[in-house]
Amino acid sequence: VTGVQTCALPIFAVFEKIAKDPQSDKDLAAEAMYWAGDICLQTNKMKDAYQAFKKVTWDYPESKWAKFARGRLTEDAMVKAEEAMERDAK
């Protein structure tokens with residue numbers, strides 16, 4: 001999960017490995033990326049969570065996990081993370 005590497009929980013590393021493995025089933029990779037974002041959200045890594053959820057929508061737009069990620073991206077914390085990233089980019 002490019003750009004989402006600050007979540008230090010061991011399970012995050014498992015999800016990240018599955019998501020990056022080109023041999024992984026696409027639905028499994030999308031699910032792993034979604035749950036990596038969820039871990040970041042739960043550990044208050046909002047920018048990382050935003051990036052993970054956004055990546056699910058970019059890489060697997062037709063998956064059910066992208067649908068779930070799009071829903072998570074509308075949450076207040078994710079909107080604030082997006083706004084903060086836009087401010088930081090300026």
Side-chain angles (χ1 to χ4, degrees):
V1 183
T2 304
V4 185
Q5 299 178 6
T6 60
C7 296
L9 298 174
I11 192 66
F12 178 82
V14 173
F15 289 141
E16 183 179 44
K17 183 177 179 181
I18 292 168
K20 286 184 174 181
D21 184 352
Q23 300 299 320
S24 288
D25 173 75
K26 288 184 180 187
D27 191 56
L28 180 62
E31 181 178 2
M33 202 175 305
Y34 173 86
W35 288 115
D38 186 68
I39 288 170
C40 290
L41 187 62
Q42 290 181 37
T43 57
N44 213 27
K45 307 286 189 194
M46 299 306 173
K47 290 180 183 178
D48 293 333
Y50 174 85
Q51 291 172 336
F53 291 139
K54 199 69 172 172
K55 189 159 177 54
V56 175
T57 67
W58 290 330
D59 292 356
Y60 308 98
E62 300 300 320
S63 72
K64 69 179 182 182
W65 297 103
K67 178 181 176 182
F68 297 149
R70 283 189 289 275
R72 299 300 293 271
L73 287 166
T74 65
E75 295 176 9
D76 286 343
M78 294 296 91
V79 172
K80 288 177 183 175
E82 181 180 27
E83 290 169 352
M85 291 171 64
E86 288 174 358
R87 278 192 308 275
D88 292 347
K90 292 181 181 178

### Query
Do you know which two heavy atoms are closest between D27 and S63, and how far apart they sit?
OD1-CB, 4.4 Å
### Query
Among all residues two or more places apart in sequence or in another chain, which pass the side-chain hydrogen bond (donor to acceptor under 3.5 Å, both in side chains) test with D59?
K55
### Query
Looking at A66 and P61, what are the two nearest heavy atoms and their distance?
CB-O, 3.7 Å
Would you tabulate the side-chain donor-acceptor contacts of residues 76-90 under 3.5 Å, counting partners in other chains and residues two or more places apart, or write 'none'?
unit_1, atom_1, unit_2, atom_2, d
E82, OE2, Y50, OH, 3.1
D88, OD2, K47, NZ, 2.4

### Query
Hey, what do you get for CG (L41) to CH2 (W35), rounding to the nearest 0.5 Å?
11.0 Å
### Query
What residue pairs, at least two apart or across chains, pass salt bridge (charged side-chain N to carboxylate O under 4.0 Å, His left out) with a residue in residues 60-71?
none
### Task
With sequence neighbours excluded, give me every ring pair (Phe, Tyr, Trp, His ring centres under 6.0 Å) pair touching residues 71-90.
none
### Message
Taking ring pair (Phe, Tyr, Trp, His ring centres under 6.0 Å) as the definition, give me every residue that meets it alongside F68, ordered by chain and number, with sequence neighbours left out.
### Response
W65
### Query
What is the distance from atom CG of D25 to atom CD of E31, rounded to the nearest 0.5 Å?
9.5 Å
### Query
Can you name the side chain to side chain contact (heavy atoms under 4.5 Å, CB included) partners of A29, sequence neighbours left out?
S24, Y60
